[in-house]
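Let me begin by presenting the structure, written as C-alpha cells, before commenting on it.
A, B, ... follow the sequence lines: proteins, then strands. Residue 1 opens every chain.
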Amino acid sequence: MHCNWRPHVACLGAIALTAATAAVTAAAAGAQTTTGRIVGTVTATAAGAPLPNATVGVVGAATPAGAPIGARTGTDGRYAINNLAPGRYVLRATLLGYAPQVDTVVVQGGQTATANFDLRQVSVALEQVVVVGYGTQKRSDLTGAVTSVTPQVERTPIASLEQTLQGTAPGVQVTTASSAPGGGISIRIRGASSITGNGEPLYVVDGFPIENDPSNTGSVTSGGRDNTAPANPLATLNPSDIESIEILKDASATSIYGARGANGVVIITTKRGSTGTTRVTVDAFAGTQSVAKRYDMLNATEFANFANDWYKTQSTNTTGALIFQDPNSFGAGVDWQDQIFRTAPIYNLQLGVTGGSSSGGKNQTRYALSGGTFQQQGVVSGSNFDRLSLRGNLDQMVGDRFHISSNLLVSRVDSRQAPTDGTFNAGAGAVGAALQYLPILPVRKADGTYAFLQNDIPSALTAAGVSTANVPNPVSQAFDVNDRLGDTRVLANAFGEYELLKGLRLRSSLGTDNSNRTRDTYYPRTTLRGAQSNGYANRGQQTVTSFLNENTLSYARQFGDVHDLNAVVGYTRQTQQTAKTGEINSNFVSDITGFDNLGAGSQTGGPTVSSARSRYTMASYLGRVNYTLLGRYLFTATGRRDGSSRFGANSRWGFFPSAALGWRVSEEPWFADRFGAIDQLKLRASYGKAGNPSIQPYQSVTRLAAQQYSFGGTIAPGYYPAGIGNADLTWESTKQSDFGLDYGMWHDRLELSADYYDKRTDNLLLGIDLPSEVGYTTALVNAGSISNRGIELSLTIRPYVGDDKAGSLNWSSTFSFARNRNRVLDLGGPSRIFAAQCITPDISANCPGTAVTVGEPIGEFFGYKTAGIFRDSSDIKAYTPKVSGGISLGQVRIVDVNGDNVIDANDRTVIGDPNPRFTGGWQNSLSYKGFNLTSLLDGSYGGKVLNLNLYRTEGASPGTNISRDRYYNAWNATTNPTGTEPKLGSSPVSVGTDLTDWVLEDGSFLRLRTLTLSHTIPTRFLGAALRSVRTANAYVTAQNLVTITQYSGFNPDVSSLGVGNLNRGIDIGAYPLARTFIFGVNVSY
Amino acid sequence: MIMQRRFLALTAAAALVAGCNDGAFLTEKPYDFVGPSNFYKTSGDALAAVNGVYASLENAAPGGANNYYGRNFTMLGEFPGEALTVYLSATNERSQVDNYTFPTSHSYIYSTWQSAYGAINRANAVLDNVPAIAMDETLKARILGEAKFLRALNYFNLVRLFGGVPIFTHETTGLDSLQAPRASAADVYTLIVTDLQDAIKVLPSSKTYAASDAGRASRGAAKTMLVKVYLHRAATGVGTPADNQAALDMARQVVSDGDYSLVSDPATLYDMVDGTLNERNTEVIFDIENIRQAGLGGNLGNFFAPRNSSWEASQNGAFEAEQPFFDSFADTDKRKAATFVLSFPNKSNVATPYLTTSTASTAYGADSPYLKKFIDPSPLAGGGSEEPNFIITRYADLLLMQAEAANEVSGPTPEAYTAINAVRTRSNVPNLATGLSKQAFKDSLFAERRKELVGEGPHAYFDSQRNWAWAKARIEANMAAGQLTANKGKSKYPKAQVALDDKFKLMPIPQRAIDLNPLLTQNTGY
C-alpha cells in the first residue's frame, strides 16, 4: 500500500493522517493471518449522487513506512482498501466541502467488509477560498487573522456594504456617524491606532486599493455648515454586487499592504460569472422606514405650566406672578419632531446576468453583468438618497494559458441632505432645532412666513426675562434648504495573466478609480441663513482620479507530498490626484434659480471662489511566501517596501515585513486517533509591521505663504517660509502580534475561532512646539505611541443540521465577541493634549473638547463631574468648596476633584470614555421546509456618549423646550423635594464654558438589527408561465426593530462630528435612526 | 533550474524596468501653493522673498499684527520709560511692563522673541536662496543687502532686550539640532556690525530709490542703525570706547551724505489728528510704510488713541503720557501741541477735552494726555489698517546720536551742541545751556531724546540702558510718588513700587523658550 491515493493539493488539508502506535499494531496483525478488505460507496446526502475523489482513511493506521492507509473514490463513488489485517478499524471519509464522517468496521481474514458513507455538504468555512492581498488562500492554510463576510443581500437587504460588517465581524467596530441616507460611517479594526491621522481601514475593491481618508478626499465642501460628518464614500458601491468581503486584521495579513495596512484592510470582491449556465437574477425590495425613537418633549400646555413654574423661581418675580394665565388654552401645540419626521419609502431593483461558455479550459469566457437602482427617502423630510449602479465583469481565456479579466463599476449617487447635526444656534440643523423650538410657537405666522424662535416668542415670555437664541426654524431647515450631493464614480481595472510555466504566472494590471463629487447648497430667504444674506449659495466640485499599475509574478507548486509552495512578488505604482473648486455667492435677486445661477447673486466684494489641487504617488515592491510542510506546518513570510511621495524626502521608503506560523494540530497522525470528535484544530501565531500613511500630500515640504507689504504707498507681493518641512516625516508604524486558534468539532456542529492581539503603534503623527528661535513655532513630527490589545471570538454552533428541503430542521447560530483595550503610551512630551476645536463653537461649550492623556484611552471626554443635587440644607452644609455665584438648594453638585475647596478649571477631569468595553453580535439562521428565519443582534457595552442635545433639553429655562423627564422630576422644596433633576431655572449641564457629566450618557446598547423571514417558493407552485424560474425567494425583514439601551437620544451608535479618533461618540441633533420594514423577492432564471 | 533562472531573470527585469526612476516618480510637485521647488526662480521671486521679511515687522507671523512693532515690542520698548504709562490694573500685562513686574512668562516678551526670530529666519531664507537666482546682479546685491539690514535690525532688537541670544545665520530647513545655546552678546554684535557693513556697501541712497520703493532699507538706514549699534555696544559694556568714535564717524558720514534733513514742523511727521501728514519726507530714515488697507496698515494707533474716542477701532487706549513728562514740555515747544491730544471726539463725536484741573477718576478716557503719534482719525473697522507710517528712525534721532557720540568721545564739544540744538531749534526750543559737564550734557541729551522720540522706535527702554543711572532715578521717582503724582492722583489703581535692580537692564529670556530649549540660560536675577 502506497500513498498514490493522496489527493491533489486542494484536498491536502482534509486528509487524516495516522499515528505510529497504530502502525505497529497493523504491521503486527499483518504478519499473523490472511488479510481482508473494505469496500463501499461515498455518496452525497441530499442528492444521493456518488462522490468522486473522496478520501477514506483508516484512522490510526500506517504502512511500515509510516504512510497513512486509505483509498480514494472513483467517479462512481466507490473505493476499496485492500490488505487489511483482521480487526476493528475506524474509517474516516473526507471531501472538500463535506463534513467528514467516521464509521467502524470489523474486517475478517479473506473477507470483504462494506462501509458506505453518506456525506453532508457543509458550509465549507474552513475550506473556502479566502481572498488575501495579491492572491487567494484556502482558509485552512491561513496563518493570519482574516474574517470573511458574505453579504446575504438576497435575505437581508442593506443600503450600504458596511452594514454587513455590523455585528458579524469580531474586532470590526462600525460606527454610524450619521443615520441619514448615505450618511457617514466609520470603521475601526482592532481599535484606534492614530491620534491626528486617519483611522479608517484600507479598502481594496477588486484589487484596487482605495484609501478612505475623510480628511483627504471625504468632503467636497461643508455646504456652508460646520460640524457635520462627511458623507459615506462607500455609499457608491452597490451591496448586491458584492460576492465577498474579507477583513485582514493581523500583521501577517495586512503587511502585504505595507504603509497602508496598519488600520486593517477590507477586501471587497464583486461577483463574477461562472461557466456553463446563463443565469438571470432579479432582486427587488420595497419597504418603509420610520423614526425608531423620539425625545419625549413637553407639549404646549405643559410648556406653559413649565414657564409659569420657572417664573416662580426667579428672584425678579416677587409677587409669584404667572407668565401664562391659562396654560390649557395652548392645547398640545406643535410637535416639532412630527413636523420634520416622516414615514419614508425605500426601494431597490437589481437585474443581473451571469454566465459563460463551457468549452473546457481553452478560450473559456465568463461574464457577470448587473444594473441596479436604489432609492431611499430619509425619515427626516427633505433627505433622500438615489443610487444607480452598473457592473460588468468579464473573464476570457485566450488558449489555456492567457487569462484576461476586466471589472467595471459605474455608479451615480444623487442625494439631498436635510441639515441635521451641526451646532446649536444659527448653525443648528433641523433635528437640533426641533428639540429646541417651543411647542407654543406656530410653524408659520399669520402672514405665512416661518416663525422664528428669537423673534416670534410671545411677549409674555420676553417680558419675564426669557431670552432665546437665534435658532433656525426646523421646518424651514428640513424643507427649504436645498443641499445636494452628487457623486459619479467609475472604478475600472483589467489584467492579463500568462502562465509562463506550470504554476508560474505573470500578471499585469491597470486600474483607475474616478470620482466626481459635487455639493451644491442653497439657503433661500425663508431660512434663517438665507434671510441674513438674501439667499446664500455654496457650490463645490471635487475630482479624484487614481491610477494603478500592478505587476506580479506568482508561483504555486506542490513538491511531492511534502512541500507545498505558494509565492508572489510584485511591483506596483499608484498615483492619485485631487482637484477641487468652490464658489460662494449671496445677495441673490430672488430665490427662484437657487444655486443653478450663481451669477444672480451679488455678494459684497464679489463671489468667493477657491480651487485646490494635490497629487500623491506610491511605488511598492511586495512579496509573500506561503509554505506548507506535510499539510500541517504552515509558514508565511510577507514583505512590502513602500515608497510614497507623502513621506519626507529622507524617509520616503519603508519596509513592512511579517512572519506567521500555523500548526494544524488536527492533522497530526496522533491527533485524530485520540480526539476523533475534533475535525479541525489549528494554532496560529504572527508578528509583523504595517504602516498608516496619515500624512496628507505636501505635509513634509516647506510651504511659503503670501504676505503683502507696502512700499511708498504701493502694494508689493511678498512670500515667506510659513511652515517648516520635515524631510523625516513618515508613516505611523504599527507592530502587531497575534495568537489565534481555529477549532471545529462534531462534524462542524461547533466552530470556534479565537484571536488575541497586541498592537503597538509608534511614530504617531503629532504637532509639536519648536524652540521658536528657529523661526517656526510648530512642526509635524512622528512622536508618541498608542497601544491596542484585545481578544476576538467567533463561535458557531449548529444544533440541528439537516436538509431543509427534505423537511428537516437547520439551525445555525453564531456569536461574535470582541474586546479592545486602547491606551495612549506617549505623546512625545506632554502628558495630555486636547482636541483643538471646541465641540460646540457657537455656544462656546466644552472647549477644548476631548482629551488625550498618557496612560488612558484616546478621545476621552473632559469636563466637570457632578454628584446629584443639593436637596436640603444638610447637603449644602456638607459641601465645603467655594463655587462662583454661590450654591443653593436644588442646584447640581459639582465635584471638587482636586480637593482644594474651590470649583475652578483645575477640577475639570476625564468624565468618560467613548470606547466600548466590548462589542458583540449574535446571528441566527433557522430553516425548515423552505422557510428561513434569520436574526442579527448586535451590541456594544461600556462606551459613553456625549449627548449635547441635553444642553438645551435639560437646561430648564423656557428659552427652549425641555424634556418631560426634566420638568416632572425637577426638585422643588415644597412640591417635589425628592426630585432627581435640578430645580427649574438651574442648568446642570455646564460650568462656564465646560460641560458637566450631566450630558454624558451610557451608550451601551443591544439591538435586534435585522429579523428576516424568507421562503423559497417551490418552482412547482409557479405555474407554466414561470417554468423557467430556477429559484424564487420571498422575504420580509425588519431592521432596528428593538434597541435596548439607557441612552435617551435617538441612537447611541452615533458620531455627529465625524469619524476622527478625537471626536467620537458625540450627538448634536443627530439624524435619527430609522426602523425599517421591507418586503422583497429574488427570482433567478 | 531553468525555471528558477527564468523566474529570477523576470523578477529582476521587472524590478529594474519599473524601479529605475522611482525617485523622480515619488517627488512631490506643488500645484496650489508655493514651495521651495517652485519659488526662488526669478528676480520677482527674490523681491517677493525680501518683501516677506519687511512684512514680518508689523504683521509678524505667528500671531499677526499685535506681536511685534504693531504692539507688543513697542510696549516693551516704551512702557518701561518714565514718559508713558497705562491705566490698567497693576496686574495687567501692560502694567507689568510699566512697573517692572513682568514675569518670565510674560506673553509680550515671548511674542517679541518669536517675531524677531521669525523675521530672522525669513531673512536667512533670502540670504540662502537668492544668490543662486540668475538675475540682475545689482538688484540681487541690493536685495541681499536689504535682507542683511533686516537681519541686523532683528538681532539688534534681541541683543538689546536679552543680551546674548542663539545665532542662526541660515534658514531652518529641517528638524535636526534645533536647540542652540545662547551666543555671547559680543558675538551677536559682531554679526550685526558685519551685516550692516555689508549692507552699507550695496544699499543705495534713499534718494535713488524709486518713490514706489520708499520704505526699503537704504544706505542711510544701515549707517544710522550702525551708529546706534556702536553706541549701544559701548554703553552696555559689550564693546570698547573705540565704538563711540566709530559711532561718531558713521554719524558724520550720514550727515555728509546729505540724504536727510530735518523737516521744519515736527507736526507734519506724525500729527494726522489736527494736521496733515507729510509722509516720506526728508527726515525719515527707516519706517514701516502703512496704508489704510486691512493687513497693510498700522496697528498702533488703536492703542495710542484715547479710550472711548472715535479714533479707536476697538476700545484699547493704552499709551498715556505720565503727568511729569507732559508737564516737562514748555508751551512754546512745538512738539507739545504736535505730540499730545488735549481734546478728542468721543464715540458720539462729542469733543472731550483733557481736564488739566480735574482730579476725578470718572472722566473715562479724558484722564490723561494721550499721544497723537500714529493715530488714524478715520480707522477702518477691525484695526490693523491705519494710515500713518510707523517711524523706526529719523534724522533727529541721528543728530541726537551724533551729539551723544561726540560727548562720549570728548565731552560736550561744539559738534555735540550743534547737533542737539538743531533738533531743539526746529521745535522752537532755546539752545541748550552751554558749559555743561559731560554727564549733565548726557542727561540733557537723553531728556531731549524722550521728548523728541516718545512713542516711536521704540526707544525709551533702550535709551535707558545707555544712561541707566539717569533713567533709573527718574523711573523710581515716578514709582515712589506712585501713580498719584505721576498722573495727578487720578489713577484708579495703585502702582507697584519696585526697586530698579540692575537685572532690569535686560529682559528675562522667555520661560517658554527655555522650556522648549533647555540649552538656554536665564539672565541673571530672573
field: Closest contact, heavy atoms only, A:Leu770 versus B:Leu516
entry: O-CD1, 3.3 Å
field: Closest heavy-atom pair and its distance - B:Arg280, A:Gly713
entry: NH1-N, 3.8 Å
- prompt: Which one of B:Gly52, B:Ala513, B:Ala125 has the most heavy-atom pairs closer than 4.5 Å to chain A?
  reply: B:Gly52
- prompt: Should the pair A:Arg615 and B:Tyr31 be classed as cation-pi, given the thresholds of under 6.0 Å to the six-membered ring centre and 45° from the axis?
  reply: no
message: Could you tell me if the side chain of B:Phe33 sits less than 4.5 Å from the side chain of A:Val701, heavy atoms only?
response: yes
query: Which atom pair, heavy atoms only, marks the closest approach of B:Glu28 to A:Tyr698?
result: OE2-N, 2.8 Å
- prompt: Which one of B:Asn517, B:Ile291, B:Leu47 has the most heavy-atom pairs closer than 4.5 Å to chain A?
  reply: B:Ile291
field: Distance in Å, B:Leu26 CG paired with A:Thr575 OG1, rounded so as to fall on 0.5 Å steps
entry: 11.0 Å
task: For each of B:Val53, B:Asn124, B:Ile288, tally heavy-atom pairs with chain A at distances under 4.5 Å, and name the one with the top tally.
output: B:Ile288
task: Please flag which part of B:Ile120 lies under 4.5 Å from any non-hydrogen atom of chain A: side chain, backbone, both or neither.
output: neither
- prompt: chain A heavy atoms under 4.5 Å from B:Glu58: which part of the residue, side chain, backbone, both or neither?
  reply: neither
- prompt: Taking all atoms of both residues into account, what is the closest heavy-atom pair of B:Ala55 and A:Gln708, and its distance?
  reply: CB-O, 3.9 Å
- line: side-chain contact (heavy atoms from CB on, under 4.5 Å) with A:Glu773: of B:Val165, B:Leu519, B:Leu520, B:Asn121, only one passes, and it is B:Leu520
field: Part of B:Phe168 within contact of chain A (heavy atom distance under 4.5 Å)
entry: side chain
field: Contacting region of B:Thr173 [heavy-atom separation from chain A under 4.5 Å]
entry: backbone
- request: Give, as side chain, backbone, both or neither, the part of B:Asp45 having an atom under 4.5 angstrom from any heavy atom of chain A.
  value: neither
B:Asp22/A:Tyr571 under side chain to side chain donor-acceptor pair (under 3.5 Å): CA gap, chis, key distance, verdict: CA-CA 11 Å; B:Asp22 277 344; A:Tyr571 175 75; 2.5 Å; yes
Best-contacting candidate, A:Thr778, A:Thr702, A:Thr714, against chain B by heavy atom pairs under 4.5 angstrom: A:Thr702
- prompt: In chain order, what residues pass the side chain to side chain donor-acceptor pair (under 3.5 Å) check against A:Tyr257, with sequence neighbours excluded?
  reply: none
- prompt: What residue, out of B:Lys29, B:Gln179, B:Glu279, has the most heavy-atom pairs lying under 4.5 Å from chain A?
  reply: B:Lys29
field: Note, B:Tyr110 side chain near A:Ser772 side chain (heavy atom, < 4.5 Å)
entry: yes
query: Mind checking whether A:Phe711 and B:Tyr209 have ring centres under 6.0 Å apart?
result: no
field: Minimal non-hydrogen separation, A:Tyr709 against B:Glu289, with atom names
entry: OH-N, 3.9 Å
field: Heavy-atom proximity to chain A below 4.5 Å, by part of B:Tyr54
entry: both
query: Non-hydrogen atoms of chain A under 4.5 Å away: do they reach the side chain of B:Pro36, the backbone, both or neither?
result: both
task: Check step by step if salt bridge (Lys or Arg N to Asp or Glu O under 4.0 Å) holds for B:Arg512 and A:Asp769.
output: CA-CA 10 Å; B:Arg512 182 73 183 142; A:Asp769 288 338; 2.7 Å; yes
field: Under 4.5 Å from any heavy atom of chain A - which part of B:Arg216
entry: both
message: Can you confirm whether more than 12 heavy atoms, excluding those of A:Tyr719, are under 6.0 Å from its OH atom?
response: no
task: Kindly indicate whether the side chain of B:Leu175, heavy atoms from C-beta on, has any atom under 4.5 Å from the side chain of A:Leu729.
output: no
- prompt: Just wondering, do B:Gln293 and A:Ser710 contact through their side chains at under 4.5 Å, heavy atoms?
  reply: no
Heavy-atom closest pair, residues B:Leu178 and A:Val774: O-CG1, 3.5 Å
